[in-house]
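One structure is given here, and the rest of the page talks about it.
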2 protein chains.
Amino acid sequence: MVDHKVDIESCECNIIHQNIIDKVKETMPEEEHLYDLAELFKVFGDTTRIKILYVLFASEMCVCDIASILGMTQSAISHQLRVLKQSRLVKYRKEGKTVFYSLDDNHIKQIFDQGLSHINEK
Amino acid sequence: MVDHKVDIESCECNIIHQNIIDKVKETMPEEEHLYDLAELFKVFGDTTRIKILYVLFASEMCVCDIASILGMTQSAISHQLRVLKQSRLVKYRKEGKTVFYSLDDNHIKQIFDQGLSHINEK
DNA sequence: ATAACACATGAACGTTTATTCATATATTAT
DNA sequence: ATAATATATGAATAAACGTTCATGTGTTAT
């Protein structure tokens with residue numbers, strides 16, 4: 001009968017059992033998905049971008065107005081909108097000189113609400 | 001009759017209407033909450049921490065085993081566990097020399113699932 | 001054509017952050 | 001006591017990030 005003890009390189013401790021390792025491997029999404037997930041949350045990890053998204057929850061809006069509501073530079077907002085655009089969280093439509101930004105995702109609000117639940121829990 | 005046109009300092013454009021500003025102010029949580037929210041997502045915005053949390057979805061685990069599963073240094077994992085602890089996302093229990101970490105929040109999985117939904121949508 | 005305006009973008013700067021390395025603390029075994 | 005082990009942590013380093021400043025692009029009005 002074969003002994004299924006685990007022996008992992010870089011670590012001397014042998015507390016883990018094979019069934020737990022197997023379970024972890026089942027539960028764990030692909031490396032690429034985990035990377036993308038971290039990238040997404042990195043986008044949410046900035047107050048300015050969070051504020052922009054909350055503003056857009058209320059209404060589509062032009063860059064200049066977002067900047068004015070948040071009391072920030074047009075340039076700063078524009079840079080951040082680019083990040084949000086790249087993550088496909090916002091979309092835009094042009095109307096003459098003006099560019100109107102709006103939300104391009106249904107999950108954002110729910111993610112934020114879950115986040116606030118965590119914060120307000122304890 | 002008073003004209004309710006909006007005139008905001010730092011910005012020349014006057015596209016916004018008062019009712020939209022009002023709506024934004026209703027929808028927007030307090031400054032402090034927005035800050036905390038960004039801080040929380042900052043914690044999720046790192047592949048190592050995401051992986052640690054996914055490992056803990058499967059089972060409570062000691063530092064050494066997490067390090068071994070993720071193929072990383074014990075020190076690196078320990079530093080990151082500290083961040084997760086500070087955000088009250090994980091808790092620990094000591095058993096002799098060993099410290100077992102486990103999840104301390106019910107929202108994490110749902111937040112991650114919503115995030116993955118966004119990623120896999122388009 | 002020229003000026004004015006809304007927005008985008010590249011470079012630079014200061015700050016934050018993740019990992020590494022060395023070392024400290026705490027527990028267990030001899 | 002001493003050694004071994006599991007974990008924590010401070011300092012250092014390199015990379016990533018957000019804002020500012022200056023300037024570029026495209027549209028509208030004169």
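Chain identifiers are assigned alphabetically (A, B, ...) following the order of the sequence lines, protein sequences preceding nucleic acid strands; residue numbering begins at 1 within each chain.
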B:Tyr35: partners by ring-ring contact (aromatic ring centres under 6.0 Å, His included), with sequence neighbours left out: none
Taking every non-hydrogen atom, the tightest pair across A:Ile111 and B:Gln114: CG1-CB, 3.3 Å
Atom-pair distance (CE on A:Met72; P on C:dA8), nearest Å: 15 Å
Between C1' of C:dT17 and CD1 of B:Ile50, the distance in whole Å: 16 Å
Selected nucleotide, minimal atom distance to A:Val99 side chain, candidates C:dT20, D:dA8, C:dA8: C:dA8
Mutual orientation of the aromatic rings belonging to B:Phe44 and B:Phe41 [parallel < 30°, tilted 30-60°, perpendicular > 60°]: tilted
Face-to-face stacking of B:His79 with C:dT19, centres under 5.5 angstrom, angle under 30°: no
Side chain to side chain donor-acceptor pair (under 3.5 Å) partners for A:Gln86, two or more places apart: none
Footprint string (nucleotides 23-30 of chain C, 5' to 3'): B base within contact, S backbone only, - free, heavy atoms under 4.0 Å: ----BS--
Nearest listed nucleotide, side chain of B:Ser75, among C:dA18, C:dC7, C:dA22: C:dA22
Nucleotide of C:dT19, C:dA11, D:dA8 approaching B:Val63 most closely (side-chain heavy atoms): D:dA8
Short side-chain N/O contact to D:dG18 OP1/OP2 from A:Arg49, under 4.0 Å: yes
For atom CZ of B:Arg93 and atom C1' of D:dA6, their distance in whole Å: 14 Å
Atom-to-atom span, CG of B:Asp46 to C1' of D:dA15 - whole angstrom: 13 Å
Per A:Ser78 side chain, nearest of listed nucleotides D:dA8, C:dA11, C:dA8: C:dA8
Integer-rounded Å distance: D:dT7 P and B:Lys91 NZ: 18 Å
Among C:dA8, D:dT7, C:dA6, the nucleotide that comes nearest once only the side chain of A:Thr98 is considered: C:dA6
Pairs meeting criterion side-chain hydrogen bond (donor to acceptor under 3.5 Å, both in side chains) with involvement of residues 36-52 of chain B, two or more places apart: A:Glu31-B:Lys51, B:Glu39-B:Lys42, B:Arg49-B:Gln80
Under 4.0 angstrom between A:Thr48 side-chain N/O and D:dT19 OP1 or OP2: yes
Whole angstrom value for the distance that separates P of C:dA18 from CG of B:Leu70: 15 Å
Sugar-phosphate, base or nothing in reach of A:Thr73, heavy atoms under 4.0 Å: sugar-phosphate
Touch class at under 4.0 angstrom, heavy-atom based, for B:Tyr101 against every strand present: sugar-phosphate
Between P of D:dA8 and CD1 of B:Ile66, the distance in whole Å: 10 Å
A:Asp65 CG to C:dA6 C1', straight-line distance once rounded to whole Å: 11 Å
B:Tyr92 atom OH, neighbour heavy-atom count above 12 within 6.0 Å: no
Derivation and outcome, side-chain contact (heavy atoms from CB on, under 4.5 Å), residues A:Leu56 and A:Ser102: CA-CA 6 Å; A:Leu56 297 181; A:Ser102 61; 5.6 Å; no
Beyond-backbone contact of B:Tyr54 with A:Val24, side-chain heavy atoms, under 4.5 angstrom: no
All side chain to side chain donor-acceptor pair (under 3.5 Å) counterparts of A:Glu95, not counting sequence neighbours: A:Arg93
pair B:Met28-A:Leu70: side-chain heavy atoms closer than 4.5 Å: yes
Bend angle of the helix from C:dA1-D:dT30 to C:dT30-D:dA1, end axes from five pairs each (to 10°): 20°
